[in-house]
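What follows is a set of notes on a single structure, which appears directly below.
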Amino acid sequence: QVQLVESGGGLVQAGGSLRLSCAASGRTFSSYAMGWVRQAPGKEREFVAAISRTSIDRYYEESVKDRFTISRDNAKKTVDLQMNSLKPEDTAVYYCAARRGMGKDPMEYAYWGQGTQVTVSS
C-alpha cells in the first residue's frame with residue numbers, strides 16, 4: 001500500500017509554469033507505476049501523464065504531450081509533473097495516483113492523493 005500527498009498547485013497566468021510534486025510513503029513505492037490525473041469542474045477525471053516503475057516508459061495525454069514532463073525519484077519516493085506553457089483549459093484539481101502496470105485509464109489507479117488545485121488565468 002502507498003499513501004500519496006501532492007503539493008505545488010496554485011494560480012498562474014497563461015503561458016506560465018508550475019511544478020507539482022507528490023510524496024509517497026510506504027515501502028513499495030518502486031513497485032508502482034505512477035500517474036497524474038486531473039478533474040475540471042463538472043467534468044470526469046482525465047488522464048494526464050504516467051511513468052513506469054523504472055522511468056523507462058512515459059505516457060502523456062495528447063494535449064499536454066509537448067508541455068508537461070513527468071519524472072520520479074524512487075530513492076526519495078517522489079513523482080513530479082513539470083507543467084510549462086500552461087493554458088486556461090489546464091485548470092483542474094490534479095491528483096497523483098499509483099497503479100500496478102502502466103495505463104491511462106483513471107479507473108485502474110488503485111491509490112490516490114487528495115489533489116492540488118491548479119488555476120490558469122487568461
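Remark: side-chain polar atoms of K104 are not paired, donor with acceptor, to backbone N or O of E61 under 3.5 angstrom.
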Original post:
Passes side-chain contact (heavy atoms from CB on, under 4.5 Å), R53 versus S30? Steps please.
Top reply: CA-CA 6 Å; R53 293 181 298 120; S30 61; 5.9 Å; no
**OP:** Could you please spell out the steps behind the side-chain contact (heavy atoms from CB on, under 4.5 Å) verdict for E46 and V64?
**Re:** CA-CA 12 Å; E46 174 190 39; V64 310; over 6 Å; no
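Counted by atom type alone, Q82 and N84 present one or more donor-acceptor pairs between their side chains at under 3.5 Å.
Side-chain contact between Q117 and T91 is present, with at least one heavy-atom pair separated by less than 4.5 Å. Side-chain contact between V37 and W112 is present, with heavy atoms from C-beta onward closer than 4.5 Å.
Among residue pairs with one or both ends in residues 59-78, none qualify as ring-ring contact (aromatic ring centres under 6.0 Å, His included); sequence neighbours excluded. Applying the disulfide bond (SG atoms under 2.5 Å apart) test to every pair with at least one member in residues 30-69, sequence neighbours left out, gives no pairs at all. The list of disulfide bond (SG atoms under 2.5 Å apart) pairs with a residue in residues 8-119, not counting sequence neighbours, reads C22-C96. Counting only residues at least two apart or in different chains, ring-ring contact (aromatic ring centres under 6.0 Å, His included) contacts with residues 22-51 comprise Y32-Y111.
Residues I70 and M102 are members of separate hydrophobic clusters, defined by side-chain heavy-atom contacts under 4.5 angstrom among Ile, Leu, Val, Met, Phe, Trp and Tyr. L81 and V12 fall within a single hydrophobic cluster, where Ile, Leu, Val, Met, Phe, Trp and Tyr side chains are chained together by heavy-atom contacts under 4.5 Å. Taken together through direct or relayed side-chain contacts under 4.5 Å among Ile, Leu, Val, Met, Phe, Trp and Tyr, M34 and Y95 form parts of separate hydrophobic clusters. Y109 and V93 fall within the same hydrophobic cluster, where Ile, Leu, Val, Met, Phe, Trp and Tyr residues are linked whenever their side-chain heavy atoms come under 4.5 Å apart, directly or through other members.
Between the CZ atom in R38 and the CD atom in E89 there is a gap of 8.5 Å [rounded to 0.5 Å]. A distance of 7.5 Å separates CG of D105 from CZ of R99, quoted to the nearest 0.5 Å. In this structure, OG1 in T119 is found 6.0 Å from CG in L11, a value given to the nearest 0.5 Å.
With sequence neighbours left out, V118 forms a side-chain contact (heavy atoms from CB on, under 4.5 Å) with L18, L20, M83, Y94, V120. S31 meets the side-chain contact (heavy atoms from CB on, under 4.5 Å) test with T28, R100; sequence neighbours excluded.
Heavy atoms of other residues, nucleotides or ligands lying less than 6.0 angstrom from CD of Q114 number more than 12.
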